[in-house]
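Structure first, then comments.
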Amino acid sequence: MKIWVDADACPVVIKAILFRAANRTKINVTLVANQAICIPRSAYIKFIQVASGFDVADNEIIKRLESGDLVITGDIPLAADVIEKEALAINPRGELYTKENIKARLNMRDFMETLRSSGVNAGGPAPLSQTDRQKFANQLDRLLTKYAKNKKMT
């Protein structure tokens, strides 16, 4: 398992949780962004800078993604592509995207986009709360624990 991070919009506190997890579990975490991002020195943490442009970072993640990898993203179309490649995706609030919930999320995203393009101010997401951070850390821990157990069985 590798962890891929759609890093342009990933909150700093979530990156910090991922950095600690990478060093603790010795699982590679790669941040992909179109702007420079500071990362700690670690054999398990890498950064790939891509050109600016619509979905360039997303496309790079999908190109490198393998079945069973984990992607951290709030981008719902990217999460749908991840699921299609039989990998896992969670958002910075700790919500796991699944085959069962991704279509509804895509529909809601498209609906909100339609509202915004017609001039309706639908607002944005609420700021990341302490509860959200905890949910993310717990979900990440569950997925990493499951991966470790499956790895021992093989």
Side-chain angles (χ1 to χ4, degrees), residues 1-114 116-117 124-128 132-133 135-148 150-151 154:
M1 171 191 266
K2 293 180 188 114
I3 299 175
W4 300 94
V5 183
D6 183 7
D8 284 320
C10 186
V12 172
V13 295
I14 298 304
K15 290 176 196 163
I17 292 168
L18 289 164
F19 296 156
R20 287 190 299 273
N23 288 318
R24 184 182 76 243
T25 63
K26 298 177 176 33
I27 290 177
N28 289 323
V29 171
T30 303
L31 289 85
V32 181
N34 60 27
Q35 58 188 342
I37 294 178
C38 292
I39 61 170
R41 286 182 176 220
S42 169
Y44 307 104
I45 302 168
K46 295 172 182 52
F47 170 65
I48 299 172
Q49 187 167 357
V50 297
S52 293
F54 186 70
D55 285 345
V56 176
D58 298 359
N59 293 337
E60 187 67 24
I61 291 170
I62 290 300
K63 181 174 90 176
R64 295 171 180 256
L65 186 68
E66 296 177 8
S67 174
D69 285 355
L70 172 62
V71 176
I72 312 304
T73 185
D75 184 303
I76 298 181
L78 173 57
D81 290 343
V82 168
I83 291 167
E84 194 172 296
K85 287 194 79 167
E86 297 183 358
L88 301 168
I90 60 173
N91 71 21
R93 296 177 190 277
E95 298 171 67
L96 179 66
Y97 297 109
T98 66
K99 288 179 183 177
E100 293 75 29
N101 70 20
I102 197 66
K103 284 190 193 277
R105 305 247 178 179
L106 282 167
N107 288 337
M108 180 56 78
R109 175 198 170 273
D110 292 344
F111 174 71
M112 296 304 285
E113 184 63 32
T114 301
R116 283 189 290 276
S117 66
L128 205 64
D132 293 328
R133 295 175 202 166
K135 279 187 196 174
F136 176 83
N138 290 342
Q139 182 69 268
L140 180 65
D141 192 50
R142 276 191 295 277
L143 293 172
L144 294 176
T145 299
K146 184 177 180 180
Y147 167 75
N150 289 341
K151 188 177 171 187
T154 58

NZ (Lys146) with more than 12 external heavy atoms under 6.0 Å: no
CA sep, side-chain torsions, deciding dist, call: Leu96, Asn101, side chain to side chain contact (heavy atoms under 4.5 Å, CB included): CA-CA 9 Å; Leu96 179 66; Asn101 70 20; 5.9 Å; no
Polar side-chain atom of Asp8 near backbone of Asn34 as donor-acceptor pair, under 3.5 Å: yes
CA sep, side-chain torsions, deciding dist, call: Leu88, Val71, side chain to side chain contact (heavy atoms under 4.5 Å, CB included): CA-CA 6 Å; Leu88 301 168; Val71 176; over 6 Å; no
Result of checking Ile3, Ile72, Val5 against Leu31 for side-chain contact (heavy atoms from CB on, under 4.5 Å): Val5
Lys46 side chain reached by Asn28 side chain, heavy atoms, under 4.5 Å: yes
From Val13, Asn91, Leu18, residue fulfilling side-chain contact (heavy atoms from CB on, under 4.5 Å) relative to Phe136: Leu18
Check: Lys135 and Ile90 side chains under 4.5 Å, non-hydrogen atoms: no
Any pair counted as salt bridge (Lys or Arg N to Asp or Glu O under 4.0 Å), so long as it reaches residues 52-63, sequence neighbours left out: Glu60-Lys63, Glu60-Arg64
Residues forming a side-chain contact (heavy atoms from CB on, under 4.5 Å) with Asp132, sequence neighbours excluded: Arg93, Leu128, Ser129
For Met1 against Tyr147, the heavy-atom pair lying closest together: N-OH, 3.1 Å
Nearest heavy atoms of Asp69 and Trp4, plus distance in Å: OD2-NE1, 3.0 Å
Nearest non-hydrogen partners of Ala36 and Phe47, listed with the distance: CA-CZ, 4.0 Å
Interatomic distance, Thr25 atom OG1 to Leu144 atom CG [nearest 0.5 angstrom]: 5.0 Å
CD1 on Ile102 to CD on Glu100, rounded to 0.5 Å: 11.0 Å
Closest non-hydrogen atom pair, Asp6 against Ala57: OD1-CB, 4.4 Å
Euclidean distance, Thr73 OG1 relative to Ile61 CD1, rounded to 0.5 Å: 6.5 Å
Distance-minimising heavy-atom pair for Lys15 and Cys10: CE-O, 3.1 Å
Pairwise side-chain contact, Ile76 with Tyr97, heavy-atom cut-off 4.5 Å (strictly under): yes
Non-neighbouring partners of Thr145 that pass side-chain hydrogen bond (donor to acceptor under 3.5 Å, both in side chains), sequence neighbours left out: none
Main-chain N/O of Glu86 paired to Ser67 side chain as donor or acceptor, under 3.5 Å: yes
Over all atoms of both residues, closest heavy-atom pair of Ala21 and Leu140: CB-CD2, 3.8 Å
Pairwise distance CD1(Ile17) to CD(Gln139) - rounded to 0.5 angstrom: 12.5 Å
Lys85 side chain to Ile62 backbone, donor-acceptor under 3.5 Å: yes
